[in-house]
There are 2 protein chains.
Amino acid sequence: MVTLSEENYLKAIYHLSNHGSISVSTNAIAEKMETKASSVTDMIKKLADKNFVNYIKYHGASLTELGRLTAVLVIRKHRLWEMFLVSKLNFSWDEVHNVAEQLEHIKSEKLINELDAFLEFPTHDPHGDPIPDKNGNINTLDKVPLSTLQENQGSKLLSVKDSSDEFLRFLNKRNISIGDTINVLNIEPYDKSVQIRVNSKEMTITENVAENLYVKNVK
Amino acid sequence: MVTLSEENYLKAIYHLSNHGSISVSTNAIAEKMETKASSVTDMIKKLADKNFVNYIKYHGASLTELGRLTAVLVIRKHRLWEMFLVSKLNFSWDEVHNVAEQLEHIKSEKLINELDAFLEFPTHDPHGDPIPDKNGNINTLDKVPLSTLQENQGSKLLSVKDSSDEFLRFLNKRNISIGDTINVLNIEPYDKSVQIRVNSKEMTITENVAENLYVKNVK
DNA sequence: ACATATTTTTACTTAAAGGTAAATATTTTT
DNA sequence: AAAAATATTTACCTTTAAGTAAAAATATGT
């Protein structure tokens, strides 16, 4: 028994904590949720009471196994609904988020498992993120677009989405190759361009380029 | 801008008021919503402030045109989602209600209109109830199963769903014909059997029979 | 038509979820 | 290591939705 608001907090903590592996600060959650730190403190206490998080006063919260599972199952719903919207209802990738944020809270196991089957068990959502299975397993080592990483995240280039000659030539000129380690230094809020370091050289790439680079996360 | 709770009240009032045509008492709403009369009074005031209902103290509430439209658009969503669940996700008619009650509150015009198109513009939901169009028009004179009527509702028999020899013979034996006026006197909660008066004769029919009789509402 | 029964409203509580401002811890700087 | 800056918590307020109990209005029965 978990409320809509609790689900949103768990999701935020999951995303901020590198899939539930590390502890997250009150302020970081407040910023992500666009609310105030005092509200976050209250909610963390509630989540701790329900055994969704471990909480040490003044030292942030980390997900319990129950919390991680709950968060991942919400993310599963979010990504399956995104898939449905794009593949069946003519939504474009940038229109889905708002609606999927609502749909992810619908409570019905049958619904989500039937939807999964109806979509023929997709493994990735329209943004390239992996879809957790019904037991909460998710391939976090999977490739994701570089554009989905957060600041200070390290990664390794696995493949490209756009495999046109032009794009490969562009990468060549910048000395970027499959297998390279790419660190995200900074994301410009205005145009979502990404400052990266690759092969100890710093450079800035556009959002479009970042979307076409599939990487795997490195701690 | 209408809350989930307000939408549920508007829907209840719509169903209780013969499609918005008559005024509904506080107690009737409380019973339908499974809440207390005092809560209903509070909510009616809020709905009146927002111009969804006309409210005269101690004399119930009736839907304004805005209230009727809002209620009908929620019902449109409910019925389209029911259709989706049954025709695409292998739900049976008795499993859909709970989930559709949640889905009907998702806010996105594009979503519901694309869903409508995806389902190829169905005119009736799996229970035979008409689906309102995007402008809130609904064919209330349309045929509905006798089983969807409420107590003390009058109706006229339009057609049958089950057109087997056995069923038609059964109707014959009871002296029931197309065009007859059928009044619902009482619905037995235990087995949903319906006590009716037809041709000034009273009789009881099973839920199954009531589901197979299409009638139109008569005031 | 009046006494009684029923319905409806009012005033006061409660539980979520969020916000403000002040108090307290922790971290950083010098 | 003390002062300053930052982060977190606490105490208290607000709103929404629902509940309780008493008061007020309406409806009913004789």
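Chain identifiers are assigned alphabetically (A, B, ...) following the order of the sequence lines, protein sequences preceding nucleic acid strands; residue numbering begins at 1 within each chain.
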(request) Step through the shown structure and confirm whether more than 12 heavy atoms of other residues, nucleotides or ligands are within 6.0 Å of CD on B:Glu202. (result) yes
Taking only N/O atoms, report every protein-nucleotides 21-29 of chain C pair under 3.5 Å with atom names and distance.
| residue | atom | partner | partner atom | Å |
| --- | --- | --- | --- | --- |
| C:dA25 | O4' | A:Tyr58 | OH | 3.4 |

(message) Without decimals, in angstroms, what is the distance between B:Lys36 NZ and C:dT14 P?
(response) 16 Å
(request) Measure from CE on B:Met43 to C1' on D:dT15 and round the result to the nearest Å. (result) 12 Å
(message) In this structure, how many angstroms lie between the C1' atom of C:dA15 and the CG atom of A:Leu4, rounded?
(response) 16 Å
(request) Could you tell me the separation between the CG atom of B:Asn8 and the C1' atom of D:dA17, rounded to a whole number of Å? (result) 12 Å
(message) Starting the side chain at C-beta, find the nucleotide from D:dT9, C:dA16, D:dT8 nearest to A:Asn27.
(response) D:dT8
(request) Would you kindly give the CG-to-P distance between B:Asp42 and D:dT20, to the nearest whole Å? (result) 14 Å
(message) Filter on salt bridge (Lys or Arg N to Asp or Glu O under 4.0 Å), then keep only pairs touching residues 5-29 of chain A, sequence neighbours left out; what's left?
(response) A:Glu6-A:Lys50, A:Glu7-A:Lys107, A:Lys11-A:Glu101, A:Lys11-A:Glu104
(message) Would A:Lys110 pass as a cation-pi partner of B:Phe91, given that its NZ or CZ must be under 6.0 Å from the six-membered ring centre and within 45 degrees of the axis?
(response) yes
(request) State plainly whether the residues A:Asp133 and A:Arg76 are in salt-bridge range, i.e. N to O under 4.0 Å. (result) no
(message) Tell me the interatomic distance from A:Glu7, atom CD, to C:dA17, atom C1', rounded to whole angstroms.
(response) 15 Å
(request) To the nearest Å, give me how far apart NZ (B:Lys50) and C1' (D:dT16) are. (result) 10 Å
(request) Report which part of the nucleic acid B:Thr35 touches: base, sugar-phosphate, or nothing (heavy-atom distance under 4.0 Å, all strands). (result) sugar-phosphate
(request) Indicate whether OP1 or OP2 belonging to D:dA18 is found under 4.0 Å from a side-chain N or O atom of B:Tyr9. (result) yes
(request) Answer yes or no on whether B:Lys88 is positioned over the face of B:Phe118, meaning its NZ or CZ is under 6.0 Å from the six-membered ring centre and within 45° of the axis. (result) yes
(request) Nearest whole angstrom, please: distance from the C1' of D:dT10 to the OH of A:Tyr55. (result) 10 Å
(request) Decide yes or no on salt bridge (charged side-chain N to carboxylate O under 4.0 Å, His left out) for B:Glu65 and B:Arg68, but give the supporting numbers first. (result) CA-CA 5 Å; B:Glu65 184 43 39; B:Arg68 194 203 63 84; 3.3 Å; yes
(request) Report which part of the nucleic acid A:Ser39 touches: base, sugar-phosphate, or nothing (heavy-atom distance under 4.0 Å, all strands). (result) base
(request) Taking the side chain as every heavy atom from C-beta outward, state whether B:Asp180 and B:Lys156 have any atom pair closer than 4.5 Å. (result) no
(request) Looking at every strand, decide which applies to B:Thr41 at a 4.0 Å heavy-atom threshold: base, sugar-phosphate, or nothing. (result) base
(request) Tell me the partner of C:dT30, counting only Watson-Crick (N1-N3 plus N6-O4 or O6-N4) or G-U wobble (N1-O2 and O6-N3) with both under 3.5 Å; none if nothing fits. (result) D:dA1
(request) Kindly say if B:Lys46 contacts the phosphate of D:dA17, meaning a side-chain N or O under 4.0 Å from OP1 or OP2. (result) yes
